[in-house]
Each structure stands twice: as structure tokens, then as C-alpha cells.
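Here the structure comes first, spelled out in C-alpha cells, and everything after it is commentary.
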Amino acid sequence: MPAWANLAGRQDGNAARYYEDAQARYNRNDVGGAIVQAKNAIQKDPGLLPAHLLLGKALLRDGQAAAAQAEFEAALKLGVSLSEVALPYGQALMMYGDTEKLLDRIRPDGLIAQVRVDVLAMRALAYADRGNLKAAMQSVREARELDPRALMPLRTEIDLTLRARDLARARQLLELAQSLAPQDAQLLHLRGTLLQGGGDVEGALRSYARALELDPRQLDALVARGALFIDLKRWDDALADLNRAAAMSQREPRVAYLKSLALAAKGDTPGSQAQLEVVTRLIDELPEDFLARQPPLLMLGGLACQALGRMEKARVLMELYVQRVPGDPAGRKLLANLYLTGADPGRVADVLEPLLRSGDTDPQVFTTVAALRMQQRRYREAAEALEAAAQAGNGHPGMVAQMGFARIANQQPDLGLAALRKSFDKEPGQLNVAAALSSLYLRRGDGRAAIQVVEALVKRTPSDPLAHNLMGAAYSGLHKTAEARKAYQKALDLQPGLVPAALNLSRLDMADGKPEQARQRLEALLKQDGRQVQALTELARVEIQSQRLAAALNLLERGRTVAPRDVACNLELITLHQRMNNPGAALRVARALAELKPQDQSVQEALGRAYLLAGDLTSARATFVALSRLLPNDPDRIVALGRLQLQAGAGRDAAVSAERALAQRAGHTGAAVLQIEAEMQLGEAAKAEALLKTLAQRTGNTQEALRLTGDMAFARRQYPDAWRAYNQAYDKQPSALLAQRAYQTAFYMNEPEKALSLMEHWLRLNPNDLQGREMLGEAYLRLNRLTQARTAYENLLARQPGLATATNNLAVIMMRQNDPGALGMAEKAVSLAPADPNALDTLGWLRARAGALEGALKVLRDARLRDPASRDIRYHLAWTLHRSGRKDEAKAELAAALAAPGSFESESEARALGREWGLGV
């Protein structure tokens, strides 16, 4: 028996059995049973991704929107593909009223085609609920352009036209929709609404009845017919429909309000009052942001509160209503009545402006204004206010220093440095000023001035350990390690356990190649205080360098729990998640940090990079636009931003960044190169060539000019020309980028031997280029030269064992070589990247081939949910399902794999299997 044949025994079979039972119950509409069994599966195996997804769908069907939302978010955290969860997750968010989260988290980019269409329609409704009808119509138009026959965009456009009171257009769209789906219950409900609005009461009742015949749980149809029965004074019929609706949804204020009207008409005052209480309770439970965008709910709440005598609450709700619907006379009349019985709220006056206009010269007023202006990033006005404060305070050193900081923030480094130096010379004991001055001097290459400042500080405050720590930092900046270590140790002698000094010494330990000494130093700090986030972060860096990634992850998660706003810890955690091939987790951390630190440039850059790696280019582009507003006028940093914008496909934004950098420093080569690449991305070939000609004339036939020539030829598919240009550039100055570009071009020329020859040459010159070694292994694998590919990957992993993709590729090679060790290698790949669908697929396929079907199903279902577009994964899952006796599900998966466009690795085997199963392929 092969070594992997017993693997199924290591899986939690109970969890899988609970899941399969939950799925069967869900399919036969036993929602309660499905929820119980899915929860049982998750209790046995909290990481069972399909169970979280199924539980979310069952909870949603049961009307538990908040609980469903939590399960969908758990599934996303575990790595489910957004294509799998976008629609039910969006429905849960809409039910709970969280349209802002929907628009932020459920974006169409990267989704599979049909899901993208429905998501665009769903986003249109979310935009409409937020009052942005223009964006709503644009979104629904995009959806209809993608698939003119899709129902959801049509239903959505009907809804939007009804909101805009364009009845003629709504009727036209409804006719089109019903021609496509004459038995659709929701469309019949919409027809009833249109007929009722046009005065055809009997026609409306027939449409509602037919909708409810087709779908007895069509809540909107029940509510609409109940309201119509109230208009017709058919109280008992109205209550029958409304009671049915209440049994279906316990959280629908419309139903409670309509019931209160019907009960009041029947003389049941206590019953009517009870229903009004239900309305106000449900309104109070809604998120304020959502409620503020829902005029019907605001009106309902206002009416219910007025009827119950809660005038203050009614007034607040109706003020919001009138803001949203200023042209509605009914709302204005109700609000006017409420004002008569209450008091008109006053407005809070601005605190600072009257004081400034009065000519008051109190320095505190100016410093308060300055703090406000700094927060608003209005640095010039902040500096002016601080200058006034300094004058009023007779040149107090602290105020002069603040003015210096403001000048630096306003991109006036010389004036800022002069102000700081003036302040420090007057009072040399200012630690923060000394730190800023020494840093500025070091950046300018003036190490002597930096040391003079810290020596003056230490002379003035010889017993201050932080002063000695700053001296150590200055010596470190000058690469004087012995002097730096001595200064840090002096700081620790003065204050044992001083965290900054201990951290700095640990960094020197790592620089000296002494990781164990660094680890011991940091663990001693944490023994004193386990919540010291800087020590946790630094120890995580030590573990990362020692290839102990799981330990580092644990440390950074601890640090984030202790200090969720700590930028360094969060950024390190984001990078580690990305290194461990978990872009979803990295993005979640980056988003949370950006909410806490929206003005931090490093945070915004990390968020943009996280969006890039997660494939959400739209959000990446928007984030980089926000980052561009935060960046100072530093051409190098602006060019770096432009390169990120290119990666996000934002050629126009990158071109703007290039122009901005060139305006700051004419002739900046990096900006000129960025400008050319931006025009290439925009398809402006003639403009790019003209700019390249200018660059080549100015700089000569440099490596960069040749590389750009190659890029242009490659874009035109003139691969021999591109190969020639890249090689000429490589001959001038070999680089990893050129080796990679030439390597890629050789494969497009169908000359893989050239690719191999060049990469082998590059690696002889640069044996430590791990990315190049990975590309070499990939080349051998693509050529099916398994022995050489295996050797390349084994050599690579000997140098850096934690590379998940290389580990998975090695497992694939070993599987093709029928090596029993393939399973262990696949398990290692999954341990390195538990969210990588390719690694999961390799492991699942190995298990399936070994007959461990239950264990195989678990990971293949997981892989399928993470990457539903992978046809190989769907084929592997179909094969395994069929062997497990789940033949209908197997056929559905295989049909989906075969129906998608393009080719895939397992296509011949998949089509043969499809013919065997009678799928007509």
C-alpha cells in the first residue's frame, strides 16, 4: 500500500459526514436541519470552508442576515473565492442595511462572468439606497452590456426607474424581462406594483396572486397586497397577508406598521399600539447610517413615534426625512407639526474663529488653531499661526520648534532646519528636537553635525537614558557599530529594561549574525511585559529571518491584538501574510489599519499593494490616488508611486505622477522612464516612441533605453526585435529584470532553449537570485524535463525552504515521477500556504489517486471554492465526487469545467470522462 493510502484516517471524518448531511438537508429545503448539521461540522473542524459557506446560505434563507453575514466573512477569511460568496454575502449585507460595506467589499473586478453581472446589479441597488442614482444607473448599464438577457440587471433597472418615477420606461423594461422569464415571481410582483400605480386594482391583485402562487415566500408581494387590501378596507384579507409576512420575517417594520393600521381600523387599539412599538424597536435596531438613507423607513419611524407620543425621536427622524426628500409636502407638514410641539435645536457656533477675529493674542489660541490646521494638513497656515504664537510668547523655544516642524511638513526643509536649530541652541535639552535635527543632518550626509547635536544633548542631560539611546542611533546611522553598542548599553545601565535601547541592541545582534542573542534579548523584554508590541514585532522579524514563519505570524497577531493601531506591527503582518501566499488575510489587515490610520502614507501604500496582490485593481487604483494626495513633492517617491499605478493598470494616473516628478526635478531619468511606460500602457505608441527617442538622445543608448525598446517591440509582438533589444541591454549591464524579460520573450518565440541558456548565465553570475532559480525550475517543468526541474527546485528550496509555490511545483514533479514522497511534499506546500488553491489541488489530487476519497474531497472542495475559475481543479473534484458516489454533483462540476472557454492542462482527460458520462462533449 502506498504511503499516502492511510491519509484519510488522519482527517476528521465526522466533520465531513456532518457537512454532507447538511448539504442534503439544504437541498431538500430542511433549512433548520442544515443549520444544525453545518454547525456540527464546523464544531468538529473550524477550518472546514464549505461548511461555513453552506451555513451562511442556510442562515440567509432562514432570514438571519447578521449571522449569515458573519459566516460568509468567516468563509472569506478562510480564503473562499469572492465569486463563490459575492451574491449571498451581498444579500445578507443588503438585508442588514450595510450597503457601504457591500460597495467596499464586493467589487466586480476579477469575478467570473455571470457573477460579475449580478454583482453589478446588486451594487446598483446599493448605490440607489445610498442616494447615488447616477452611479446606480451606470452600474446596471454595465451589467446589461455584459449580458443583455440576464434577469437580475433587468429587475434592478426596473426598480431604479420606478424610484425615478419613469413609469413608461419601467413598463418597457418589464415587458422585456417577462418575455425572457414569464413565470418569474419577482417580475410578477413588479407588474402588480405598476398596475396598482396605474389604477388597475384588479390587475394588480391578479399579478400579486400569481407571484405568490409561484413563490409563496415572496415577501414583497405579500406586503404590497396587504397594503392594497388596507386601501380597499378589506381588513381581514390585509391581516391574513400581513400575518403570513410576519411569520416569514420578524424584522420587517413595514409589516408591523401596516398591521397597526389594520388593527386600529378594526378597533383593536392595544393591538395597534403593540405593532407601533414593534416598528419603533425595529427602527431603533437599524444602523444609523443605513436608516438615514431610507426615506420610507424614516417616515414609518416618524409616524410611529408620533402616534406613540415620542415627539423628540419623531422630530429627529423627520428632519432626516426632509433632508432626503425635500420636495415631499407630507414630510414637511409632519415635521412642522412636530416643531410646534417641540423646540427648534440651535446650532453650535465655531469656537476658535470669534477669538481670532477679536484680536486676542493669547499664544494658546494660536497653538490650538495651529493644531487644527496641522490635522487638516494645512501646514502653511499652521506655521503662520505658530509664528504668531512664538511672537506672542517672546520666542519661546518650544513654539519655535513647533514652527520648525510645521515648516518641514510644508516642504520647507531649510527653513524648518533653521528653526529647529535656533530652538535647540537656546535650549539643548529638548530630546525631540535633537532627534529631528540629528536625523535631518544624517539624511544630508552631515554626520559630524548629527554627532555634535546628540553630544550636546547628552552633556545637558547626562542621566537621561533616552539621550544615550539617541546617541547610539546617530552612531548606527554612521555605521559605527562599536560606538553605537556602547551608547545603547549605557542607556540600559541607566534604565535596565529600556525598550528602545534593548530593541536597538537586538538589531545590532542581527546585523552581526547573532540571531539567538537577539532572540534571547527580546524574549527577556517580553518576559517583563508580554504586551510590548515593539518587542513582539522585532522578535517576529528575527523569526522571519530564521525561516520560522508560523512563530512570526503568532507573534505579530499577538502584537496586533495588543496594539491594533501600531503601524510597524501591522505592516510586518501584512508582508508576512503575502509571503505566506495569503493575500486575503493581508488585505483584511491592511483595510483595518487604513481605517485607523487613513492619513499615514506607509499604510495607504501597503493597502494599495494588498489590493494589487488580491487582484482588486479598481480599489488599488483608488488607494493610489488617495496616496498621491498625501505624498510630499519628492520626485523619487512620486516615481515609486507611479510604478505602483502602472501595476494597477492606471496608466493615466502614472503619467500624471511622471509629470509631477518632472516638474519637481527636470530631467529625472526615473520619471522619464515612467512617463514612457505610462504612455505604452495607454496605447499611445507614437507618443511613447517620441519620448523614448528624446530619452535616448539625452542619456545615450543606455540600458534603460534599450529595455524600453524591447518592451515596445514585445507589446507589438515583434518578439525577435524584443529579444535583440533585451540582450543588448543585458550585455551592457546584466540585471534580474532583463533576464526575466528576455526569458519570457524566448518562450513567446517558441525558443525555450534560449530562455534556459540566458537564465543559466544569469544564475552563474548571481547564484543567490532565488526568483531566477524559481523561473529556471518553471522553465524545466514547462518543457517536461522533470529531472532537471526537480534538481532546480530542490536546490532552490535548500536555499530558502519556505517558498510555497516552489514546494508545490516540486510535489507536482514528484507526482508525475510516481514518487511516493509527493504526498509529504504536497502537505508541506499546504502547510506553507494553506489558502493556495493550487497547493490544495495538488494535495487533494494525490489523495484521490491514492483512494483516500474523503480526505481528497475536503481539500478539493476547499480549492474549488477558492478558485472556481480553475478548470483543472473542477475536473479533479468531479473525478473524486464520482468515485465517492456523488454522481450528479460530479457531472455538474465536470460540465462547468468543460463549458468554460480556453484550454487547460487536464482537458483531454476531462473530455474523455465527459464522453464516458454522456455529457455530449
Side-chain angles (χ1 to χ4, degrees), residues 26-29 57 60-61 63 83-92 94-95 106 108 111-129 136-164 166-198 200 202-225 228 241 244-245 248-249 888 892 895-896 899-900:
Y26 182 81
N27 290 341
R28 60 176 183 264
N29 208 31
K57 291 178 178 178
L60 182 63
R61 189 180 288 185
S83 291
E84 282 293 321
V85 78
L87 294 176
Y89 180 35
Q91 290 166 19
M94 290 288 282
M95 286 174 65
I106 306 179
L111 300 178
I112 59 180
Q114 187 52 53
V115 175
R116 184 178 186 188
V117 169
D118 290 345
V119 161
L120 283 165
M122 184 169 62
R123 286 172 61 84
L125 288 174
Y127 278 126
D129 283 350
M137 291 303 298
Q138 176 61 31
S139 189
V140 83
R141 277 195 295 270
E142 289 180 26
R144 292 201 59 204
E145 286 172 5
L146 287 172
D147 186 354
R149 298 180 63 83
L151 281 183
M152 189 166 172
L154 272 170
R155 292 195 199 103
T156 302
E157 190 168 358
I158 294 167
D159 183 299
L160 297 178
T161 52
L162 285 173
R163 296 187 194 200
D166 187 352
L167 299 183
R169 175 63 176 163
R171 292 189 187 96
Q172 180 185 17
L173 291 167
L174 182 62
E175 292 296 332
L176 172 60
Q178 288 201 295
S179 71
L180 298 172
Q183 302 302 310
D184 184 272
Q186 190 173 350
L187 292 175
L188 284 161
H189 157 249
L190 289 171
R191 176 170 285 281
T193 301
L194 281 168
L195 290 170
Q196 183 178 345
D200 185 353
E202 293 303 319
L205 288 172
R206 285 194 298 273
S207 288
Y208 293 143
R210 180 57 179 154
L212 290 165
E213 180 184 339
L214 291 168
D215 181 5
R217 297 183 61 83
Q218 176 60 249
L219 181 67
D220 287 337
L222 277 172
V223 173
R225 190 168 71 173
L228 181 53
D241 274 357
R244 279 177 62 190
M248 289 164 51
S249 174
D888 289 342

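These figures come from a predicted structure and were not determined experimentally. Because only heavy atoms are used, hydrogens play no part in the values below, and waters and symmetry mates are left out as well, while side chains stay in. FYI, the numbering just counts along the sequence from 1.
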> What pair of heavy atoms forms the shortest contact from A86 to V119, and how long is it?
Replying inline: CB-CG2, 3.7 Å
> With no hydrogens and no angle check, is any side-chain donor or acceptor of S179 less than 3.5 Å from a backbone partner on L176?
Replying inline: yes
> Between CG of L120 and CG of L125, what distance do you get to the nearest 0.5 Å?
Replying inline: 11.5 Å
>> So which atom in Q91 and which in M122 form the shortest heavy-atom distance, rounded to 0.1 Å?
In response: N-SD, 3.9 Å
> Which distance, rounded to the nearest 0.5 Å, do you find between the CG of L87 and the CE of M94?
Replying inline: 12.0 Å
>> Please check this pair: side chain of T161 against backbone of I158, looking for a donor-acceptor N/O pair closer than 3.5 Å.
In response: yes
> Thinking salt bridges, do R169 and E157 make one under a 4.0 Å N-O criterion?
Replying inline: yes
>> Quick test of your reading of the model: are R206 and E213 salt-bridged, counting only N-O distances below 4.0 Å?
In response: no
>> Once rounded to the nearest 0.5 Å, what's the spacing between atom CD of E202 and atom CD of Q196?
In response: 11.5 Å
> Is R191 close enough and on-axis enough to Y208, meaning under 6.0 Å and within 45°, for cation-pi?
Replying inline: no
> With distance as the sole test, does R144 use its side chain to make a donor-acceptor pair with the main-chain N or O of A121 at under 3.5 Å?
Replying inline: no
> If you measure from CG on L212 to CG on D241, what distance do you get to the nearest 0.5 Å?
Replying inline: 7.0 Å
> CZ of R225 to NE2 of H189: how many Å apart, nearest 0.5 Å?
Replying inline: 11.5 Å
> Which pairs count as salt bridge (charged side-chain N to carboxylate O under 4.0 Å, His left out) when at least one residue sits in residues 145-155, sequence neighbours excluded?
Replying inline: R155-D184
